[in-house]
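Let me begin by presenting the structure, written as structure tokens, before commenting on it.
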Number of protein chains: 2
Amino acid sequence: MKRPTIADIAKRAGVSKGAVSYALNGLPGVSEETRARIQAIAREIGWRPNLAARSLSGARADAIGLVLCRPARFLGVEPFFMELISGIEGELAASSCALMLQVVPDHEAEIAVYRRWWGEGRVDGAILVDLHVDDPRIPVVERLGMPAVVTGHPSGTGSLPAVWSDEVVVLREVIEYLAALGHRHIARVAGLPALLHTRIRDEAFAEICAESGVTEHQVVHTDYTGEQGARATRRLLSSRARPSAIVYDNDIMAVAGLSVAQEMRLDVPADLSIVAWDDSPLSQVVRPSLTAVTRDIPAGGAHATRALLRLIETGETGSLEGPPASLLPRGSTAPAGKLASPAL
Amino acid sequence: MKRPTIADIAKRAGVSKGAVSYALNGLPGVSEETRARIQAIAREIGWRPNLAARSLSGARADAIGLVLCRPARFLGVEPFFMELISGIEGELAASSCALMLQVVPDHEAEIAVYRRWWGEGRVDGAILVDLHVDDPRIPVVERLGMPAVVTGHPSGTGSLPAVWSDEVVVLREVIEYLAALGHRHIARVAGLPALLHTRIRDEAFAEICAESGVTEHQVVHTDYTGEQGARATRRLLSSRARPSAIVYDNDIMAVAGLSVAQEMRLDVPADLSIVAWDDSPLSQVVRPSLTAVTRDIPAGGAHATRALLRLIETGETGSLEGPPASLLPRGSTAPAGKLASPAL
DNA sequence: ACGTTTCACTGAACCGTATCAGCGGTGGCC
DNA sequence: GGCCACCGCTGATACGGTTCAGTGAAACGT
């Protein structure tokens, strides 16, 4: 009833444990005939390598880690993480490597998790997400010597390889598209200001607006919840000089903003254009459907995973730039109406 | 530069490995003085127990498994899973136990994962979700002897403990609420018919409708996507005898249904009442906000986790019924209008 | 004063696998 | 025919913990 071990196989095959190990790992050292016999026995008695024993002998833990650091109640709302995970999984499945997941409240806890996982030999490496400005995790992971890739802009990843895509390109696409539609006052309902990508988008936003003839632009920071998205929208739309277009940093806020606008008897897109960053089925389900910046998140996760596996395997490092996201116009954007801020 | 081991500690403390093991695990066998000295050294040199070594000696793997079996693209949409995970994590954090996650396309693959995880000694147990009618995973897991709890109705969990809550109670609450508002024709846009809870809701739905004077009722099955939710709604609302209320099995479909209704120039809730099962921030963000069946999913996950940990620890089994979900009326339900089916 | 118990600790075995040195046998080569 | 290389395998050891039997000394009881 106990789990069969290579010792059991060795006994039945009449060879030594070493020979069994060679046979089952495809190493030279046994004849093809013996190898086949041993493999047959292994299959017959349902042998599986004991991972603990294997990793104890200096080998892999055959697992990578992912720590999510957002308050639990925000996680469900953001399709982002689940999509990322499915992308990671897709890549992992091929290599019989497992994913260790942990949700923590803050960076301190996250760092403790890395320390523990790496110290215990539980993982071979990790994928870091939600890169912050001056992210404290980077130096710690560097010092630990744990293989890791970071999804985020290379400017913030220290010596760790970054897996990223250029957001400025898309942002420019969005702003120029809106500017071409005649929008001269654009607001941005952004995410957490501590996130590096928020900072990067903020800076690029100001710059590109200036370049594109968007005379007025403003940014409101939120925590990505629909609630705060709604509140920000309400405030923006109530101000005397209200924007004729709003770009949201995720789609739940965009949907919330849409509802607020409709509640305030504004027509979307005639009176107000809305662009969602991150596209999810949600954007297509509301009316009007949302013009959105779409990127293939699962592909990004798969990308990062491949990079990490290669780093673990070969030690080969280096940042990887993925394909940029792109703008997908739908029903929530239209030429700027006469009622918008220029009328003021 | 290598990881410190108990042998290193033993050398520095001038004691044997065994003594160090006793000291660090809080076991009797060393004086409190020596224990303190050993613990100090361990802390000083940053020792962490090597998990592989520990589990090799017959101990825990200190991890539990969770396999999600839905096509990857559906996972992101459903806040359910992420909320479940955060609930599980919350409970796990206390016991320094890790979560192994895997996403698979079908039950066959899922079963293979359990076989592998259990065979490799990677997990101490698992939480099974999305219980199906005649679920093939149940007998396999039973035979494997892997500790497991199942979230779902006890009628389908075989000898495995179920962690569940009574859905019929809430369903009755919903139907009677709608019936009291004068609705006599209610439709249900349900999820996958293969899921046991869909089956249970289906049966209870018919029964309760009959009891409550709801003369007409019908069920459409979908795959939980907004797309199919929209299509089902369109079909329902285009039929000659259209329902005056629709109950959706998740909120993304409810939102999609809301959009379809509005597109068809129906006023929600005047012409059509909508109830979402599973409440998420999404339900509150659309206009009108959705009347929804809310349940505390993270709490359910935590509940299941506690049950599993106890099962692993003590072998103590037994099903656990959680608090039922409850109906949260919001803006999408109202008395049945004169235009609804009774007019026919 | 002597046997017994308790305490604090040691030394070794053990978990299941990987890996390495070594060994006998065979075949090739000069 | 003697030397070497190679094949196929054995036996031992390492990995880092846990655990158990055993040991010497001190404390205790009678």
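Numbered from 1 within each chain, the chains take letters A, B, ... in sequence-line order.
- For A:Thr5, counting side-chain heavy atoms from C-beta on, the closest listed nucleotide (D:dT18, C:dG16, C:dA8) is C:dG16.
- Atom-to-atom, CG of B:Leu24 to P of D:dT18 comes out at 8 Å; the value is rounded to the nearest Å.
- With respect to the salt-bridge test (charged N to carboxylate O, under 4.0 angstrom), the residues B:Arg12 and B:Glu44 qualify.
- Between A:Ser21 and C:dT19 there is no side-chain N or O to OP1 or OP2 distance below 4.0 Å.
- In this entry the distance linking CZ of A:Arg122 with P of D:dG17 reads 14 Å, nearest Å.
- Put simply, B:Asn50 has no side-chain N or O that comes within less than 4.0 Å of OP1 or OP2 on D:dC15.
- Summarising the geometry, the separation between CG on A:Asn25 and C1' on D:dC9 is reported as 16 Å, rounded to the nearest angstrom.
- Applying the 4.0 Å criterion to OP1 and OP2 of D:dC15, one finds that A:Ser55 has every side-chain N and O outside that range.
- Taking atom CG of A:Leu56 as the reference point, atom P of C:dT19 lies 12 Å away to the nearest angstrom.
- Ring centers of A:His107 and A:His132: under 6.0 Å apart, within the cut-off.
- In this structure, the CG atom of A:Leu51 is 10 Å from the P atom of C:dT17, given to the nearest Å.
- When each of B:Arg35 and A:Trp47 is assigned the nucleotide of DNA chain C with its nearest heavy atom, B:Arg35 is the one assigned upstream, toward the 5' end.
- Electrostatic pairing of B:Glu142 and B:Arg137 does not count as a salt bridge here, judged by no charged N lying under 4.0 Å from a carboxylate O.
- Side-chain atoms of B:Ser57 stay outside donor-acceptor range of the base of D:dT18, with no qualifying N/O pair under 3.5 Å.
- The distance between atom CG of A:Leu27 and atom P of D:dG8, rounded to the nearest whole Å, is 14 Å.
- Residue side chain A:Lys17 reaches the base of C:dT17 through a donor-acceptor N/O pair under 3.5 Å, judged by distance alone.
- Between B:Arg54 and B:Pro49, the shortest heavy-atom distance links the atoms NH2-CB, 3.5 Å.
- B:Arg35 pairs with exactly one of B:Glu32, B:Gln39, B:Glu33 by the side-chain hydrogen bond (donor to acceptor under 3.5 Å, both in side chains) rule, that one being B:Glu32.
- Under 4.0 angstrom from either OP1 or OP2 of C:dG11 there lies no side-chain N or O belonging to B:Ser16.
- In this structure, A:Glu321 places its CD atom where more than 12 heavy-atom neighbours from other residues, nucleotides or ligands lie under 6.0 Å away.
- Distances shown here put every side-chain N or O of A:Arg54 at or beyond 4.0 Å from the OP1 or OP2 atom of C:dG16.
- Across all strands shown, A:Val15 has heavy atoms under 4.0 Å from sugar-phosphate atoms exclusively, and none from any base.
- Comparing B:Gly14 and B:Ala53 by the nucleotide of DNA chain C that holds the closest heavy atom to each, the one mapping nearer the 5' end is B:Gly14.
- Within the 4.0 angstrom heavy-atom criterion, only backbone atoms of the sugar-phosphate kind lie near A:Pro49; the bases stay farther away.
- For a distance-only test at 3.5 Å, the side chain of B:Tyr22 qualifies as a donor-acceptor partner of the base of D:dC20.
- Among the nucleotides D:dT10, C:dA18, C:dC9, the one closest to any side-chain atom of B:Val30 is C:dC9.
- Here the P atom of nucleotide D:dG17 and the CZ atom of B:Arg60 are 19 Å apart, to the nearest Å.
- If you take CZ of A:Arg37 and P of D:dC9, they are 8 Å apart, rounded to a whole angstrom.
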